[in-house]
> 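Got a structure here, written out as structure tokens. Questions coming.
Source: prediction; values computed, not measured.
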Amino acid sequence: MNYKKRILVTGGAGFIGSHVIRLMVHKYPEYLIVNLDKLTYAGNLENLKDVEHLSNYRFVKGDITDASFMKQVFEDHDITDVIHLAAESHVDRSIEGPMDFVMTNVVGTVNLLQCARDKWEGSKDHVFHHVSTDEVYGSLGETGLFEETTPYDPRSPYSASKASSDHFVNAFYHTYGLPVKLSNCSNNYGSHQFPEKLIPLMINNILNEKPLPVYGNGANIRDWLWVVDHASAIDVIFHKGRIGESYNVGGLNEWTNLNLVHYLCDLMDQKLGREKGASRKLITFVTDRKGHDMRYAIDASKIESELGWTPSITFEEGLDKTVDWYLNNRAWVESITSGEYTEYYKNMYDER
Ligand code: NAD
Ligand code: DAU
């Protein structure tokens, strides 16, 4: 088939990548979507069971740090565009061991940029969309919002690796004219998120009546966005965003961790028919994350005014859908949290 675009989506078997792929394969049957993923502990083809039969979808297992292999992938599939999500994504893991983050997030990204540059040979009729994070901007005090012009100030090994990758993306634009776009998004939540991240971890532990580890005093603030809305923002930026520009994506939705955990406890007590207040008793304050960023909050006015994007649902609606998904997909959680994951987390809280 003569596809209009042949898009390489990296990290498509992960949390956000699987939502991006689901959106793209359905909305754009005229595009070929090539999902390239190493299938680390965070990547799971179960996440894409519902689309794997579609004729415009392909899966390739591989590592973005492998230069000759990636060059071949660009050739084999005649790649016209890239949406780059593959990364090591968990801050706590980056604190324990930064090297995997340097390799995948920095070296892997530069490798992809080189492949795109070689393949597209100076032609501007392509897009390299780099999916990044608001954590590159550092940590806010009580007031203010991250804007696209906020100076970079990464503080964790994870955010330092993502900031570095953003700088390389911009460097390839300024130096070689590679047609790049960047997006920097706040905290995502929704179905298929690996249960090491706050919301799915709490849902899973509430369900199993296990302790709910809140770092420090629970006063840190995050700005939460439903993952499907992040995928729609990526779609809009990929198609309509300006080349060489960054777009912040967020939900205007700030919550302290403790308030969020309280909300989840009460919601799940209701859904599970438990006594009111039962799950809040599971909350356990544990040693704080090292260098824990205090507050993230996004000014998303650029993507709204330039591209007309806003989130489609409220946090309460999104959490309701998310909790229901985890309650209805317990087998998914069990299968991905066995083995390596259990080993990794066995002594996690004692160590801090
Ligand atoms: P995730 O950890 O769920 O998925 C990452 C995917 O990348 C996995 O499928 C994994 O197998 C794959 N991968 C890892 N190393 C690879 C390698 N060397 N080669 C090929 N594939 C590899 O992550 P996520 O939460 O879906 O995040 C996706 C992207 O979005 C990341 O770049 C992250 O920095 C960014 N981001 C995430 C959030 C969030 O809240 N989760 C917010 C803003 C931006
Ligand atoms: O802001 C975007 C970023 O959001 C993404 O770039 C990252 O990939 C993603 O992991 C996320 O980073 P955070 O560190 O903010 O997310 P996490 O879910 O790990 O933690 C959210 C907050 O909850 C943070 O303040 C730490 C706290 N926390 C987390 C866990 C896992 C707890 O209090 N207890 C926990 O068990």
Side-chain angles (χ1 to χ4, degrees), residues 15 40-42 88-101 133-135 138-142 154-162 186-190 193-224 253-269 272 274-297 315 319 322-323 326-327 330 333-334 336-352:
F15 166 50
T40 67
Y41 79 96
E88 287 293 337
S89 68
H90 193 43
V91 174
D92 291 326
R93 286 179 185 253
S94 81
I95 294 167
E96 300 236 324
M99 224 41 214
D100 284 349
F101 288 71
T133 171
D134 61 355
E135 298 196 13
S139 180
L140 290 164
E142 278 174 20
R155 284 145 178 272
S156 72
Y158 164 71
S159 52
S161 69
K162 291 297 291 188
S186 63
N187 287 62
N188 286 213
Y189 71 95
Q193 186 170 29
F194 197 87
E196 62 187 352
K197 308 277 166 52
L198 181 72
I199 289 181
L201 181 126
M202 292 298 164
I203 293 173
N204 199 30
N205 285 14
I206 292 170
L207 180 61
N208 295 302
E209 298 178 87
K210 288 182 15 201
L212 308 178
V214 172
Y215 298 168
N217 61 7
N220 301 64
I221 291 174
R222 296 292 182 266
D223 173 358
W224 294 94
N253 178 41
E254 294 181 49
W255 285 65
T256 67
N257 293 336
L258 190 57
N259 281 344
L260 172 51
V261 174
H262 281 157
Y263 185 89
L264 282 172
C265 286
D266 298 348
L267 178 65
M268 288 190 64
D269 282 349
L272 296 167
R274 289 185 187 158
E275 192 187 323
K276 194 163 183 275
S279 297
R280 287 191 184 209
K281 293 188 188 130
L282 298 168
I283 292 173
T284 311
F285 291 95
V286 300
T287 312
D288 209 352
R289 175 183 277 175
K290 289 187 182 83
H292 197 172
D293 287 343
M294 191 58 214
R295 175 172 165 258
Y296 303 148
F315 194 37
L319 281 181
T322 303
V323 169
Y326 280 92
L327 293 181
R330 297 181 201 194
V333 176
E334 270 152 36
I336 64 163
T337 53
S338 54
E340 193 197 330
Y341 172 85
T342 313
E343 270 310 299
Y344 178 79
Y345 279 93
K346 214 165 44 190
N347 300 314
M348 189 81 181
Y349 302 115
D350 300 341
E351 284 170 10
R352 283 214 205 95

> For residues R289 and V91, determine if any side-chain heavy atom of one lies less than 4.5 Å from a side-chain heavy atom of the other.
yes
> Do K276 and D269 make a side-chain contact, defined as non-hydrogen atoms from C-beta onward lying under 4.5 Å apart?
no
> Start with the C-alpha distance between N220 and H292, add both sets of side-chain angles, then the distance that settles side-chain contact (heavy atoms from CB on, under 4.5 Å), and finish with yes or no.
CA-CA 8 Å; N220 301 64; H292 197 172; 3.3 Å; yes
> What pair of heavy atoms forms the shortest contact from N205 to P213, and how long is it?
ND2-CD, 4.0 Å
> If only atom types and distance count, is the side chain of D223 paired as donor or acceptor with the main-chain N or O of N253 below 3.5 Å?
yes
> Quick one: pull up CG in N217 and CG in L258 and give me the separation to the nearest 0.5 Å.
8.0 Å
> Apply side-chain contact (heavy atoms from CB on, under 4.5 Å) to Y41 and R93, showing your working.
CA-CA 12 Å; Y41 79 96; R93 286 179 185 253; 3.1 Å; yes
> Could you grab the distance from atom CD of E142 to atom CD1 of I221, nearest 0.5 Å is fine?
8.0 Å
> Can you tell me how the ring of F315 sits relative to the ring of W224, calling it parallel under 30°, perpendicular over 60° and tilted otherwise?
parallel
> Just wondering, do F101 and S94 contact through their side chains at under 4.5 Å, heavy atoms?
yes
> Would M202 and M268 count as a side-chain contact (heavy atoms from CB on, under 4.5 Å) if you check the C-alpha gap in whole Å, the side-chain angles of each, and the deciding distance to 0.1 Å?
CA-CA 10 Å; M202 292 298 164; M268 288 190 64; over 6 Å; no
> How close do S186 and D134 get, heavy atom to heavy atom, and via which atoms?
CA-OD2, 3.2 Å
> Taking atom CE of M99 as the centre, report whether more than 12 heavy atoms of other residues, nucleotides or ligands fall under 6.0 Å from it.
no
> Taking side chain as C-beta onward, heavy atoms only, is F15 less than 4.5 Å from N188?
yes
> Which heavy atom in R274 sits nearest to a heavy atom in L207, and how many Å separate them?
NH2-O, 3.0 Å
> Nearest 0.5 angstrom please: Y158 OH to E88 CD, how far?
10.5 Å
> Which heavy atom of T256 sits nearest a heavy atom of G218, and at what distance?
CB-O, 3.6 Å
> So R330 and L327, do their side chains get closer than 4.5 Å, heavy atoms only?
yes
> Taking C-beta and beyond as the side chain, do V286 and Y215 meet within less than 4.5 Å on heavy atoms?
yes
> I'd like to know whether I283 forms a side-chain contact (heavy atoms from CB on, under 4.5 Å) with H262, so could you lay out the CA-CA distance, the side-chain angles of the two residues, the decisive distance to 0.1 Å, and finally the verdict.
CA-CA 9 Å; I283 292 173; H262 281 157; 3.5 Å; yes
> Please round to the nearest 0.5 Å and tell me the distance separating atom NE2 of H90 and atom CG of D100.
13.5 Å
> Would you say that P195 contacts I336 through its side chain, given a criterion of any heavy-atom pair below 4.5 Å between the two side chains?
yes
> Any side-chain heavy atom of L319 sitting closer than 4.5 Å to one from Y189?
yes
> T284 and P211: which non-hydrogen atoms are nearest, and at how many Å?
OG1-CB, 3.5 Å
> Closer than 3.5 angstrom, by distance alone: can the side chain of N204 be matched with the main-chain N or O of P200 as a donor-acceptor pair?
no
> Could you tell me the separation between the CG atom of L198 and the CG atom of L264, rounded to the nearest 0.5 Å?
7.5 Å
> For the residue pair S156 and E135, what are the closest heavy atoms and their distance?
OG-OE1, 4.2 Å
> Assess whether a salt bridge exists between R222 and D293, defined as any Lys/Arg side-chain N lying under 4.0 Å from an Asp/Glu carboxylate O.
no
> Once rounded to the nearest 0.5 Å, what's the spacing between atom CD1 of I203 and atom CG of L212?
11.5 Å
